[in-house]
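Numbers for residues simply follow the sequence, beginning at 1.
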Amino acid sequence: MKHFLKIIAYLIAIIILITGTGAAYISIKGVPNYKAEIPPDILRLKVKPDSVRIARGARIATLLCNECHKGADGKLTGRELKDVPKVFGSAASYNITHDPDHGIGKWTDGELYYFLRTGIRTNGSWAPPFMPKFPLMADEDLYSIIAWLRSDDPSLLADSREYPPNNYNFFVKFLANVAVFPPPLPRGPITIPDTANQVAFGKYIADGLCACYSCHSADFAKQDVLFPEKSLGYYGGGNPMLNLEGEIVPTANITPDKETGIGNWTQQQFYEAVKYGKNPKGGPLYYPMFPHTTLTDTEVSAIWAFIRTVPPLKNKVARYQPKN
Ligand code: HEC
Ligand code: HEC
């Protein structure tokens with residue numbers, strides 16, 4: 001018996017040693033670097049900055065970029081991300097103004113395209129979870145964002161203020177080593193579906209462009225960024241997000257389930273919720289849900305058509321109640 005206990009003790013010691021070494025390794029290695037393998041056609045990319053693209057890019061950036069990159073005075077010099085879950089420690093977004101040294105003034109269009117798809121910079125460093133990647137976005141929408149990033153929008157004019165580089169905690173390093181990886185580049189061109197096909201167009205706007213599913217499914221760690229519909233609890237809500245005060249705001253179930261989702265909603269209620277952040281039960285929808293004011297009526301109608309086709313999930317979410 002004594003002998004047996006000794007063996008168990010040795011085994012436990014070995015396991016502790018191995019996990020300890022693994023943890024030390026991850027801690028020292030940090031967020032992994034990747035080789036930036038930018039295909040020649042992307043390296044050569046030159047986005048024509050026409051006014052249609054710039055306007056579309058500005059509209060997309062209002063939905064997808066500004067909330068995170070906007071400093072106190074409206075310039076896109078970055079901010080502290082107080083609303084990332086506490087386990088991620090502290091992090092700041094970076095300066096994306098035209099400043100060549102503190103912003104992205106020296107980046108080429110191809111480098112931007114590659115980074116927005118994969119999160120990998122030319123030096124191989126990888127932007128971890130907070131900075132979203134856009135593997136399903138249509139090429140034309142990415143070109144529009146790039147055209148806008150180059151434009152003379154006052155929020156983008158060169159500004160040298162920036163936050164010190166992020167120093168990620170163990171949890172982020174761990175995730176970036178074992179659970180979250182850069183998405184691959186698309187195998188071919190991605191086009192925006194025809195607006196006449198409401199469901200396909202709506203799915204593109206919801207899943208490919210705005211990534212509504214990402215907040216509205218069960219868990220960021222269990223989502224499938226290439227096949228969103230395979231994410232755990234697809235659109236069933238309950239993902240515990242944080243507001244700027246650090247309080248938990250679970251996301252809503254927006255599947256067509258009549259009891260726990262929005263199966264009894266009218267299209268008008270949906271429209272006002274998505275576009276203006278209005279809760280049909282009265283009052284606002286709370287942050288991090290935000291009014292998607294720059295979505296067009298065609299886009300919101302298409303999301304509605306699409307969301308009605310999502311399999312209903314029974315999942316009652318305890319909604320956020322403000323204290324006062
Ligand atoms: C949820 C917050 C968030 C959103 C939304 C977001 N970003 Fe970021 N972004 C970050 C963070 C955090 C970093 C820094 C990541 C790191 O530590 O490497 C970053 C880094 C970047 C960088 C690299 C800057 C550099 O100097 O290395 C670019 C370019 C960028 N973001 C552009 C965008 C664009 C364009 C959008 C919208 C399409 C966007 N971001 C949306 C948080 C965000
Ligand atoms: C950053 C995370 C996030 C994103 C992105 C997001 N939502 Fe939300 N959404 C939430 C949260 C959190 C709530 C719950 C707010 C509350 O309880 O007041 C919510 C609530 C809603 C509601 C109200 C449902 C109800 O029962 O009251 C609708 C409808 C909705 N979102 C639709 C969308 C659509 C469509 C998109 C994409 C265009 C989207 N959301 C993108 C976080 C998000």
Side-chain angles (χ1 to χ4, degrees), residues 51-79 81-83 93 96-97 116 130-132 134 136-138 140-149 151-157 192-193 195 198 201-216 235 237 239 241-245 249 251-252 254 262 265-308 319-320 322:
S51 58
V52 174
R53 277 193 177 144
I54 294 173
R56 186 169 177 86
R59 199 159 79 68
I60 297 174
T62 308
L63 296 168
L64 297 181
C65 317
N66 300 355
E67 193 63 50
C68 265
H69 281 277
K70 199 177 264 181
D73 60 358
K75 296 285 294 280
L76 298 180
T77 48
R79 72 165 169 94
L81 301 175
K82 296 209 175 91
D83 41 346
S93 61
I96 55 169
T97 70
L116 291 172
F130 324 110
M131 167 65 205
F134 302 96
L136 302 178
M137 193 184 278
E140 187 50 42
D141 281 342
L142 266 179
Y143 299 157
S144 297
I145 295 177
I146 294 169
W148 167 77
L149 281 169
S151 73
D152 53 10
D153 187 312
S155 67
L156 291 163
L157 299 183
I192 304 173
T195 50
Q198 271 212 316
F201 180 62
K203 183 175 193 325
Y204 169 68
I205 301 294
D207 285 358
L209 184 68
C210 297
C212 315
Y213 82 90
S214 156
C215 288
H216 278 279
Y235 283 112
N239 188 357
M241 301 204 54
L242 292 186
N243 62 18
L244 292 167
E245 285 75 46
V249 184
T251 61
I254 57 169
I262 59 168
W265 282 34
T266 63
Q267 180 166 358
Q268 184 62 22
Q269 286 174 326
F270 183 78
Y271 176 81
E272 289 184 7
V274 176
K275 193 139 168 164
Y276 303 115
K278 272 197 197 164
N279 186 336
K281 293 198 177 119
L285 290 168
Y286 293 101
Y287 184 90
M289 181 64 191
F290 55 93
H292 292 68
T293 44
T294 63
L295 282 178
T296 64
D297 293 359
T298 312
E299 288 165 343
V300 183
S301 304
I303 301 177
W304 170 252
F306 156 68
I307 212 82
R308 311 258 301 164
R319 296 288 286 269
Y320 170 74

D297 vs K275, side chain to side chain contact (heavy atoms under 4.5 Å, CB included): CA-CA, chis, key distance, verdict: CA-CA 9 Å; D297 293 359; K275 193 139 168 164; 3.0 Å; yes
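- Under the 4.5 Å side-chain criterion, counting only non-hydrogen atoms from C-beta, V249 is not in contact with M289.
- The nearest pair of heavy atoms linking W265 to Q269 is CA-OE1, 3.3 Å.
- One finds the NZ atom of K70 at 7.0 Å from the OG1 atom of T62 (value rounded to the nearest 0.5 Å).
- In terms of the ring pair (Phe, Tyr, Trp, His ring centres under 6.0 Å) criterion, residue partners of H292 (sequence neighbours excluded) are, by chain and number, F290.
- Summarising the geometry, atom CD1 belonging to I303 is positioned 6.5 Å from atom CD1 belonging to I205; distances are rounded to the nearest 0.5 Å.
- When all heavy atoms of G78 and S93 are compared, the closest pair comes out as CA-OG, 3.3 Å.
- Taking NZ from K203 and CG from L136, the interatomic distance works out to 8.0 Å, rounded to the nearest 0.5 Å.
- Listed for the T97 side chain is no donor-acceptor partner under 3.5 Å among the backbone atoms of L76.
- For S151, the side-chain contact (heavy atoms from CB on, under 4.5 Å) criterion is met by I54, W148, D153, L156, not counting sequence neighbours.
- Remark: F201 engages no residue in a ring pair (Phe, Tyr, Trp, His ring centres under 6.0 Å) (not counting sequence neighbours).
- No salt bridge links K82 with E245; every basic N to acidic carboxylate O contact stays at or beyond 4.0 Å.
- For the pair N243/Y320, a side-chain contact is recorded, criterion being any heavy-atom separation below 4.5 Å from C-beta on.
- The structure places CG of N66 at 11.5 Å from CD1 of I60, a figure rounded to the nearest 0.5 Å.
- Within 6.0 Å of NZ in K278 there are 12 or fewer heavy atoms belonging to other residues, nucleotides or ligands.
- We find the CD1-SG distance between I96 and C68 to be 10.0 Å, quoted to the nearest 0.5 Å.
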Full working for side chain to side chain contact (heavy atoms under 4.5 Å, CB included) between H69 and L64: CA-CA 10 Å; H69 281 277; L64 297 181; over 6 Å; no
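- Using a distance-only test at 3.5 Å, with no hydrogens or angles considered, a donor-acceptor pair links the side chain of R79 to the main chain of E67.
- Here the shortest heavy-atom pairing between H216 and T251 reads CA-OG1, 3.8 Å.
- Considering only heavy atoms from C-beta on, M137 comes within 4.5 Å of I145 through its side chain.
- Side chains of N279 and Y286: a donor-acceptor N/O pair is absent below 3.5 angstrom, by distance only.
- Between S301 and Q267, some side-chain heavy-atom pair lies under the 4.5 Å cut-off.
- The nearest pair of heavy atoms linking E140 to I192 is CB-CD1, 4.3 Å.
- Counting only heavy atoms from C-beta outward, the side chains of Y204 and D141 approach each other to under 4.5 Å.
- Counting heavy atoms from C-beta outward, R319 and K281 have side chains that stay 4.5 Å or more apart.
- The minimum heavy-atom distance linking S155 with G74 is given by the pair CB-O, 3.4 Å.
- Rounding to the nearest 0.5 Å places CG of L63 at 5.0 Å from CG of L295.
- Using cut-offs of 30° and 60° on the angle between ring planes, the pair Y235 and Y213 is perpendicular.
- When side chains are defined from C-beta on, R308 does not count as touching F270, because their heavy atoms never get closer than 4.5 Å.
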